[in-house]
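Within every chain, numbering begins at 1; the chains are lettered A, B, ... in the order of the sequence lines, protein sequences first and strands thereafter. On a predicted model such as this, the values are computed, not experimentally measured, just so you know.
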2 protein chains.
Amino acid sequence: MDKQTVTIYDVAREAKVSMATVSRVVNGNANVKAETKEKVNAVIAKLGYRPNAVARGLASRRTTTIGVVIPDVTNHYFAELARGIDDVAAMYHYQIILANSDESDTKEVQVMENLLGKQVDGIIFMGNTLNDAIRDEFKKADVPVALAGLLDEAEEQPSVNIAYRSAMSDATTGLLKAGHKRIAFVSGDLDHYMNKAHKLLGYQDALAAYDIAYDEKLVFEGKYDYQSGYQLADQIKNSAATAAIVANDEMAAGVINGLTDAGVNVPEDFEIITSNDSKVAVITRPQLSSITQPIYDIGAVAMRMLTKLMNHEELAVNDIVLPHGFADRGSTKDVK
Amino acid sequence: MDKQTVTIYDVAREAKVSMATVSRVVNGNANVKAETKEKVNAVIAKLGYRPNAVARGLASRRTTTIGVVIPDVTNHYFAELARGIDDVAAMYHYQIILANSDESDTKEVQVMENLLGKQVDGIIFMGNTLNDAIRDEFKKADVPVALAGLLDEAEEQPSVNIAYRSAMSDATTGLLKAGHKRIAFVSGDLDHYMNKAHKLLGYQDALAAYDIAYDEKLVFEGKYDYQSGYQLADQIKNSAATAAIVANDEMAAGVINGLTDAGVNVPEDFEIITSNDSKVAVITRPQLSSITQPIYDIGAVAMRMLTKLMNHEELAVNDIVLPHGFADRGSTKDVK
DNA sequence: GTGAAAGCGCTAACAA
DNA sequence: TTGTTAGCGCTTTCAC
C-alpha cells in the first residue's frame, strides 16, 4: 500500500537510455528516433511505469490542474456549470480540484489559499457575489482567475455570463404584455451585485416601459434555495401580486409548490417565470416557464477562456455574454 | 502572472534561521522555541510566503489530496454523496480532485490512472457498477480505495451503503399490505450487480412472502435518468400494474410525471415509491414517498473510512451498512 | 538524436 | 532547540 515505486530512472536503466530520453518519449517530444521510442515504450509497459505528476509539477512549474470554487455541488445550477468546466478541462487534459466554499466569506478565502498552495495553473470561481477579501485573493493569485455565472462589479476578472438585465426585462415584459400589473420580483440577497445592479434593474426597466410604478412591497428576498422560496410563497400570495419572476430555479420550485400547496392555481390565478431553465424547471408540475440560459456552456466557455489565459494568449473579449432565450411552459398561460 | 516566487529559503534567510526551522514552524512541530516561531511567522507574514504543496508532496510522499470518481456531478444523488465526502475531507484537511467518469468504462479507467499519477493519498469511487477493468485499477492503486453507495460483488474494496435488499423488500411489502397485486419494479441496468443481486431480490423476497408470482413483465429497465423514467411511464401504464417501486429518484420523478401527464391519478389510481429520498422527491407533485437513506452520511462515512485507511488503521467493519427508513408522502395513499 | 547535470521547493533523517 | 544535507522524481538547459 505504499506509493509508486517505479520511476523514470528505472525505465531509463532498463531501456539503456538516459532519463532525458525517457522524459522525451513520455512527453511526446519529436526529437526521438522511432526505434528508441519503441524500446522505451516497451519498457514502460513492461514495468508499468506511470509518471509522477507531482515531481513533474515541481520541475516544470505546471501542474495541469485547475481549481474550481463552487458554493455547493448540490445546487443544480452550479453543478451544471461544473459539468461544463470539467468537460472542457478534460478535453485540454487538465484535472480539477473542486472546492466547496459554502458561500462563506472566510471559507472562500481559505479555499483560494489552499488552491494556490497546490500550485493550480488557474482558477474558475463560481458564487453569488464577490467581496473585497476575495478580490484580494484574486490579486494575490499568480495565476489567472475566471468567473463563471458571476459578474465582477470591479470588472477586474474575466467572466462568462448572460445579459441578466435584459433577460429579466424581457421576461417581465412578457408578463406585462399578458396584462399583469402587480408582478413580484423574487431573488436571493439583494445586496448581491448581480441581483441589485442587474436583475432588479431589468425588472424595473420593464415596469418603467409600461408606466407601472415600482413597488418595494413586491420585492422578495430569500436565500437562493427551495426552502426559502417555499416559505416566501405565503407572503407572495398576500401581496396581491398576480405573477412573479424568480431569479433562481430552486427558489422558483419552492414558490410554485408553496403557492400550489396554499391553494393558488398556477397558471390560472398566478403566473411564474424562473431564470435558469435547469433540470428542476421541468420536474415541477406545472413545469416552470423560464428564461433559458446555456448553463453548461457558461462553464465550458469559462474553462476555454482560462486555457487561453494560462497560455498567455490575449482575450478578444474579457466579459463574454452568451445568448439567452425564453421557454414557455406550464407556469404561464401565454407569455411570448 | 508567474508562479510563486517566495520560497522557504527566502523566509529562512530573512529570519536568519535554517530552512528546517521554517519547515518546523509551518508544520506546527513543537520543537521550536516560542521566540523563534514568532520571528519566523513574522517574516512569513511580511513576505507573504505560502508553502508549495507540490514540493511538499514530492518530499513527503503525501499530497493530502484524494481522488473522487463520480459518474456525473449533475446527478443529485451523487452530488449529495460528494458533499458528504467533501465536508469530511475538509475536516481532515484533504483536498479533493473530482473526476467525472460518465459511467463510461474507458473513462473510469483513464480517470483512475490520472488520479494515481497525481499521487492522491486515497480514492473514493462512486458509480452504478464495477467491472473487471476497474477492479484491476483498484489493484494497481498503491493507495486505499473506498466505495460510496456502491457494492463490490467481489467484496474486495471497503464500502458504505444501506441494505438495499431489505429496503426494497420493506417498501414492496408496504405496497403489498395496501392490497396491490401487480407491482412494477423499475430500475437502471439490470446487469448491474446492485440491481440484479440486491434490489430486485428484495422485491422478489416481498412478493414471495405474499405468495405472488414474480412476473417479468412488471420489471422495467431504464437508464437511471429522468427521461428514461418518463418514457417508461407509458409501458408501465399498459402493464396493468397498480403500483411501482423505483430504484432511483430521477427515474421516479420521470415515472410520476409521465404517468400524471398520461392521465393517471397518483396516488388514487397508482402508487409509487422511490428509493433515494433526494431533493427531487419533494419537488414533484405529489411528492414521492420514498425509502429514506442518509446519502450525505454515506459519503461522509466513506471519507472517514478512507482517512483511517490512509493512516494504516484497521477497519472494524469493511462494509459499512447505514440504516434506512421510509417516508410516507403523497405518491402513496397509506403505506406503512 | 541523446546524455549529463542542475535544479524545482520542500521534508526528514541525522548531527550538533 | 536548531542546522546540514540528502534526496523526492521529474524537466530542462546545454553539450555533444
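- In this entry the distance linking CD of Q119(B) with P of dC8(D) reads 14 Å, nearest Å.
- As a whole-Å value, the separation of E35(A) CD from dT2(C) C1' is 13 Å.
- Qualifying side-chain contact (heavy atoms from CB on, under 4.5 Å) partners for P294(B), counting only residues two or more places apart in sequence or in other chains: I162(B), D297(B), L322(B).
- Using a distance-only test at 3.5 Å, with no hydrogens or angles considered, no donor-acceptor pair links the side chain of N311(A) to the main chain of E313(A).
- Paired with L150(B) under the rule side-chain contact (heavy atoms from CB on, under 4.5 Å), one option of M126(B), Q157(B), M194(B) passes, and it is M194(B).
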Quick one, V11(A) with L47(A), criterion side-chain contact (heavy atoms from CB on, under 4.5 Å). Give me CA distance, side-chain angles, the key distance, then yes/no. CA-CA 7 Å; V11(A) 176; L47(A) 262 39; 4.3 Å; yes
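- In this structure, CZ of R50(B) is placed 14 Å from P of dG9(C), rounded to the nearest angstrom.
- Rounded to whole angstrom, the span from the CG atom of L58(A) across to the C1' atom of dG7(D) amounts to 12 Å.
- The CG atom of N29(A) sits 12 Å away from the P atom of dT13(D) (whole-angstrom rounding).
- Each of Y9(A) and V32(B) was assigned the nucleotide of DNA chain D with the nearest heavy atom; the assignment lying further toward the 5' end belongs to V32(B).
- For N41(B), the side-chain contact (heavy atoms from CB on, under 4.5 Å) partners are V25(B), K37(B), I44(B), not counting sequence neighbours.
- Regarding contacts with the backbone of dC10(D), every side-chain N or O of N52(A) stays at 4.0 angstrom or more from both OP1 and OP2.
- The CG-P distance, from N31(A) to dA15(D), rounds to 17 Å in whole Å.
- Among the protein residues, V17(B) comes within range of the sugar-phosphate backbone only, with heavy atoms under 4.0 Å from sugar or phosphate atoms but none that close to a base.
- The side chain to side chain donor-acceptor pair (under 3.5 Å) test applied to D189(B) returns no partner, not counting sequence neighbours.
- Taking only side-chain nitrogens and oxygens, R61(A) comes nearer than 4.0 Å to OP1 or OP2 of dG9(C).
- Comparing the helix axis at one end of the helix from dG1(C)-dC16(D) to dA16(C)-dT1(D) with that at the other, each defined from 5 consecutive pairs, gives an inter-axis angle of 30° (nearest 10°).
- Between S18(B) and dG3(D) there is a side-chain polar atom (N or O) within less than 4.0 angstrom of OP1 or OP2.
- When the side-chain nitrogen and oxygen atoms of T36(B) are compared with OP1 and OP2 of dT1(D), none of them lie within a distance under 4.0 Å.
- Shown here is E38(A), whose CD atom has no more than 12 heavy atoms of other residues, nucleotides or ligands within 6.0 Å.
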Assign a letter to each nucleotide of nucleotides 11-16 of chain C from its 5' end: B, base within under 4.0 Å of a protein heavy atom; S, sugar-phosphate only; -, no contact. BBB---
Donor-acceptor contacts, no H, no angles, side chain residues 84-96 of chain B, under 3.5 Å, sequence neighbours left out:
from: D87(B); atom 1: OD1; to: R83(B); atom 2: NH2; distance (Å): 3.1
from: D87(B); atom 1: OD2; to: Y296(B); atom 2: OH; distance (Å): 2.5
from: Y92(B); atom 1: OH; to: R304(B); atom 2: NE; distance (Å): 2.8
from: Y94(B); atom 1: OH; to: R62(B); atom 2: NH2; distance (Å): 3.1
from: Q95(B); atom 1: OE1; to: K118(A); atom 2: NZ; distance (Å): 3.3
from: Q95(B); atom 1: NE2; to: N114(A); atom 2: OD1; distance (Å): 3.4

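- Atom-to-atom, CZ of R13(B) to P of dC10(C) comes out at 13 Å; the value is rounded to the nearest Å.
- Rounding to the nearest 0.5 Å gives a distance of 7.5 Å between CG of D132(B) and NZ of K139(B).
- Atoms CG (L47(B)) and P (dG9(C)) sit 14 Å apart, rounded to a whole Å.
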